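A short worksheet on the structure shown next.
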Amino acid sequence: MNVRNFLSKAEEAKIVQTIKEGELKTSGEIRVHLENHCPTETLQHARTVFGEMGMHETEEHTGVLLYIAVQDHKIAIVGDEGINAKVPPDFWECIIEQLTTDFKAEKYCEGICTTLTTVAEELSFHFPYKEDDIDELPNDISFGE
Ligand code: CA
Ligand code: CA
């Protein structure tokens, strides 16, 4: 299993669709990044990737990155400061716990989509969708090495 065959094309399309639908509920911006290996501590590295992808540049600091190192079986989720100021302190932990359970059951696409939907739902309470919403960050999956 590597970053290119971790998900089928149909599953990738489903994930992009889930991001699109999620972003119709909230002004927040959600992205997914897949790579094979995580070189350092997972959350710390996910934060670095978040920065490299320019995800801190959203207007209200509402970027969320789901990071997955496919071959290392590592996952992390990073929210920008606008979100972290609003969500419950254990919000990200709960999400990772659920996703870990899904991954252990080899429910990869399903687990990712559930995560994205849960995040969009929570974001919608604090940062509702606005009529003049701009898609500030692309909805496609980002691939690393
Ligand atoms: Ca938006
Ligand atoms: Ca977007």
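The basis for the numbers below is simple: all heavy atoms, side chains too, and nothing from hydrogens, waters or symmetry mates. Position 1 is the first residue of the sequence, and the numbers go up from there. Quick caveat: nothing in here was measured; it's all calculated off a predicted structure. Read the numbers this way: they start at 1 and go in the same order the structure lists the ligands and their atoms.
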| query | the Ca ion (ligand 1) to Leu137: any N/O/S contact under 3.0 Å? | reply | no

| Contact flag Ile19/the Ca ion (ligand 2), N/O/S atoms, threshold under 3.0 Å | no

| query | Can a salt bridge be assigned to the pair Lys20 and Asp135 using a cut-off of 4.0 Å between side-chain N and carboxylate O? | reply | no

| task | Using only N, O or S atoms, tell me which atom of Glu29 is closest to the Ca ion (ligand 2). | result | OE1

| Do Thr18 and Ile30 have side chains that get closer than 4.5 Å, going by heavy atoms? | no

| field | Atom nearest to the Ca ion (ligand 2) - Asp135, N, O or S atoms considered | value | OD1

| said: Using side-chain heavy atoms (C-beta onward) and a distance below 4.5 Å, is His126 in contact with Ile83? | reply: no

| said: For Lys14, is there an ion pair with Glu11 - N to carboxylate O distance below 4.0 angstrom? | reply: no

| request: May I have the angle between Ile134 O and Asp133 OD2 with its vertex at the Ca ion (ligand 1), rounded to 10°? | output: 70°

| request: State whether Glu23 contributes an N/O/S atom found under 3.0 Å from the Ca ion (ligand 2). | output: yes

| Thinking salt bridges, do Lys130 and Glu60 make one under a 4.0 Å N-O criterion? | yes

